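See structure below.
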Amino acid sequence: MEPEIFRKRLLGWYATHHRRLPWRETSDPYAIWVSEVMLQQTRVATAIPYYQRFIDRFPTPGHLADADIQSVLKLWEGLGYYARARNLHRAAGIVDSRFNGQVPDNPAVFQSLPGVGDYIAAAVLSIAFGRVLAVVDGNVKRVLSRLMEIDSPVNRNGAHKIFKAPATGLICPKHPADFNQAVMELGALICRPKKPACGACPLSVLCLANRHHTTADFPKRDASRKAPHRHLSIGVILKKGKMLAVQRPMEGLLGGLWEFPAVPTDGEQGDWKGFAEMMATETGLTIAVDRRLTRIRHAYTHFRLTGDVYLCRHVAGRVRLKSAKGHRWVTLRSLAHLPLHKANHKFMDALAAALGR
DNA sequence: AAGCCGGGGGA
DNA sequence: TCCCCAGGCTT
C-alpha cells in the first residue's frame with residue numbers, strides 16, 4: 001500500500017463528495033469538540049439538532065461551565081449516554097478556569113479532561129488545530145479491515161490499538177483534518193456495514209477485500225450475547241393534583257435524570273399489594289393502587305425493559321427515598337422542565353390523557 | 001481485559 | 001428482530 005496513492009484518491013473523493021454538516025461550517029475547537037462528543041455511538045442525523053441547540057445555548061466553554069448540570073442534561077434529553085453530558089460539563093469548567101477558556105491543543109493535556117479519550121483527542125486536535133493524529137472509530141476500523149483484510153475483531157477490547165497503527169501510517173501529514181474526516185465519510189457513505197458501494201469507491205483498486213470478493217467477510221466481529229430482560233413496575237403517585245418525580249443518582253445508568261419511582265418485579269401483574277409495599281420501601285409513602293395505565297417497552301444496550309405503569313394515590317407518609325437522589329411533586333407542566341429519560345417519555349401521552357389533558 | 005453506559009434507524 | 005453507530009470510564 002502506497003500511502004501517497006491512498007491519500008490522493010481518498011482526499012480527491014472527499015473534496016467532491018463530502019456532506020455539508022453543521023460542525024464543518026466552523027473552525028471553533030469547542031464547537032468541534034461538542035460535535036465529536038455527541039457523535040459517539042450516535043448517528044450524524046440524530047446528533048444534528050442536538051448540536052444546533054447546544055451551541056446556541058452554550059456557545060463557549062464559559063457558558064457551559066456556568067450552566068446548571070440539570071439544564072445541560074435537559075438539552076441532552078433523549079440523546080443517551082448521559083455521562084457524556086456530565087463529563088463535557090465538567091471538562092468545560094476545567095477549560096474555563098484553568099485554560100482561560102481555550103481548548104488545549106496538546107494531546108496529553110486535552111486527553112486528561114473527562115470524557116476525552118483517544119478518539120476525541122485525535123478528532124478535535126486534527127480538525128481544529130491540524131495536528132497529525134489519526135482517528136480510529138467504527139468507520140475507520142471497517143474501512144481498514146476491508147482495505148487490508150485485517151482479521152482482528154473490531155469489537156474486541158484491544159481493537160483500537162490494533163487499528164491505530166495502520167491509520168497512523170496512512171494519515172496525510174499535510175491534510176490531517178480532511179484525511180480523518182474523509183475516512184469516516186467514506187465509511188458512512190460508501191464502505192457501509194451492509195451493501196457497500198464498492199463501485200463508487202475511490203479506494204476499490206487498492207482494497208484487498210474488493211479484489212478477493214470478501215467484502216462481506218469484513219470487518220470480523222466477535223459474537224454478541226443477547227440482552228437479558230427485566231421487568232419494572234412504575235408508580236405515578238398522585239397527591240393533591242401533583243405527582244411524585246424522583247431523581248436518579250448522578251452515577252450509573254441514566255445518572256442525574258428524573259423519572260417516576262419504580263421497583264423491579266417478576267413480571268406478574270396481579271400483585272398490587274406487593275407492588276404497594278415495595279413502593280413504600282422505595283419512597284416512604286403508603287399508597288393505594290388505582291389501575292394500570294399502560295405498558296411500555298424499551299431496549300438498552302445490555303438489557304430489555306418492560307414496564308407496567310400504575311396510577312396510584314398517596315394515602316399517608318412523607319417522602320423518604322431509598323435509592324433516589326431527590327424528589328419533587330410535579331405537574332405535567334413542571335415535569336417538562338426536568339430531564340426525563342426515554343422509557344418514561346414513552347407513557348407521557350397516556351398519562352396526559354388519563355389526567356384529562 | 002472485561003463490563004458498563006442510551007437511543008435510534010435501517011435492513 | 002438484529003445490527004451498529006465520529007467511544008470513554010471503571011474495576
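The structure presented is a predicted model; accordingly, all values stated were derived computationally and were not measured. Letters go in sequence order (proteins before strands), and every chain restarts at 1.
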If only side-chain N and O atoms of A:His298 are considered, is one of them under 4.0 Å from the OP1 or OP2 phosphate oxygen of B:dG7?
yes
Would you mind classifying the nucleic acid contact of A:Gly158 as base, sugar-phosphate or nothing, using non-hydrogen atoms under 4.0 angstrom?
nothing
Between A:Lys8 and A:Glu4, does at least one N-O distance fall below 4.0 Å, as a salt bridge requires?
no
Let me spell it out: for each of A:Gly252 and A:Lys195, pick the nucleotide of DNA chain B with the closest heavy atom. Which residue's pick is nearer the 5' end?
A:Gly252
If you look at every strand shown and take non-hydrogen atoms under 4.0 Å, does A:Leu79 touch a base, only sugar-phosphate, or nothing?
base
Taking OP1 and OP2 of B:dG8, is either one under 4.0 Å from a side-chain nitrogen or oxygen of A:Lys342?
yes
Spell out yes or no: do the side chain of A:Tyr81 and the base of B:dG6 have one donor N/O and one acceptor N/O closer than 3.5 Å?
yes
Without swapping roles, check the side chain of A:Gln247 against the backbone of A:His327 for a donor-acceptor pair under 3.5 Å.
no
If you round to the nearest 0.5 Å, how far is OH of A:Tyr82 from CZ of A:Arg84?
9.0 Å
Nearest heavy-atom approach of A:Phe218 to A:Asp151 is CE2-OD1, 3.5 Å
Among the nucleotides B:dG6, C:dC9, C:dC5, which one has an atom lying closest to any side-chain atom of A:Arg43?
C:dC5
What is the nucleic acid contact for A:Tyr300, judged by heavy atoms within less than 4.0 Å: base, sugar-phosphate only, or nothing?
sugar-phosphate
Under 4.5 Å between any side-chain heavy atoms of A:Glu185 and A:Trp13, yes or no?
yes
Can you tell me if A:Arg230 has over 12 outside heavy atoms packed within less than 6.0 Å of its CZ?
no
Would you classify A:Trp23 as touching base, sugar-phosphate or nothing, given that sugar-phosphate means primed atoms plus P, OP1 and OP2, and contacts are heavy atoms under 4.0 Å?
base
Enter the distance from A:Cys312:SG to A:Lys239:NZ here, rounded to the nearest 0.5 Å.
14.5 Å
When you check the phosphate oxygens OP1 and OP2 of C:dG7, does a side-chain N or O of A:Gln41 lie under 4.0 Å from one of them?
yes
Has the side chain of A:Thr42 got a donor or acceptor atom sitting under 3.5 Å from an opposite partner on the base of B:dG7?
no
Under 4.0 Å between any heavy atoms, over every strand shown, what does A:Asp118 touch: base, sugar-phosphate, or nothing? Just pick one.
sugar-phosphate
Nucleic acid contacts - residues 136-147 of chain A versus DNA chain C, non-hydrogen atoms under 4.0 Å
A:Asp137, A:Gly138, A:Asn139, A:Arg142
On a heavy-atom basis, which atom in A:Tyr300 and which in A:Leu254 lie closest, and how many Å separate them?
OH-CD1, 3.6 Å
Touch check for A:Val116, heavy atoms < 4.0 angstrom, all strands: base, sugar-phosphate only, or nothing?
sugar-phosphate
Have a look at A:Arg192 and say if it touches a base, only the backbone sugar-phosphate, or nothing, with a 4.0 Å heavy-atom cut-off.
nothing
Looking only at the side chain of A:Pro193 (C-beta and beyond, no hydrogens), which of the listed nucleotides C:dC5, B:dG7, B:dC5 gets closest?
C:dC5
Ignoring the backbone of A:Arg24, work out which of B:dG7, C:dA6, C:dC5 is nearest its side chain.
C:dA6
What is the nucleic acid contact for A:His160, judged by heavy atoms within less than 4.0 Å: base, sugar-phosphate only, or nothing?
nothing
Mark yes or no for a side-chain to base donor-acceptor pair under 3.5 Å between A:Thr46 and B:dG8, with no hydrogen or angle criteria applied.
no
B:dC4 phosphate, OP1 or OP2, under 4.0 Å from A:Thr301 side-chain N/O:
no
Please tell me if A:Arg84 has a side-chain N or O lying less than 4.0 Å from either OP1 or OP2 of C:dG7.
no
A:Ser224 near the nucleic acid: base, sugar-phosphate alone, or nothing, with a heavy-atom cut-off under 4.0 Å?
sugar-phosphate
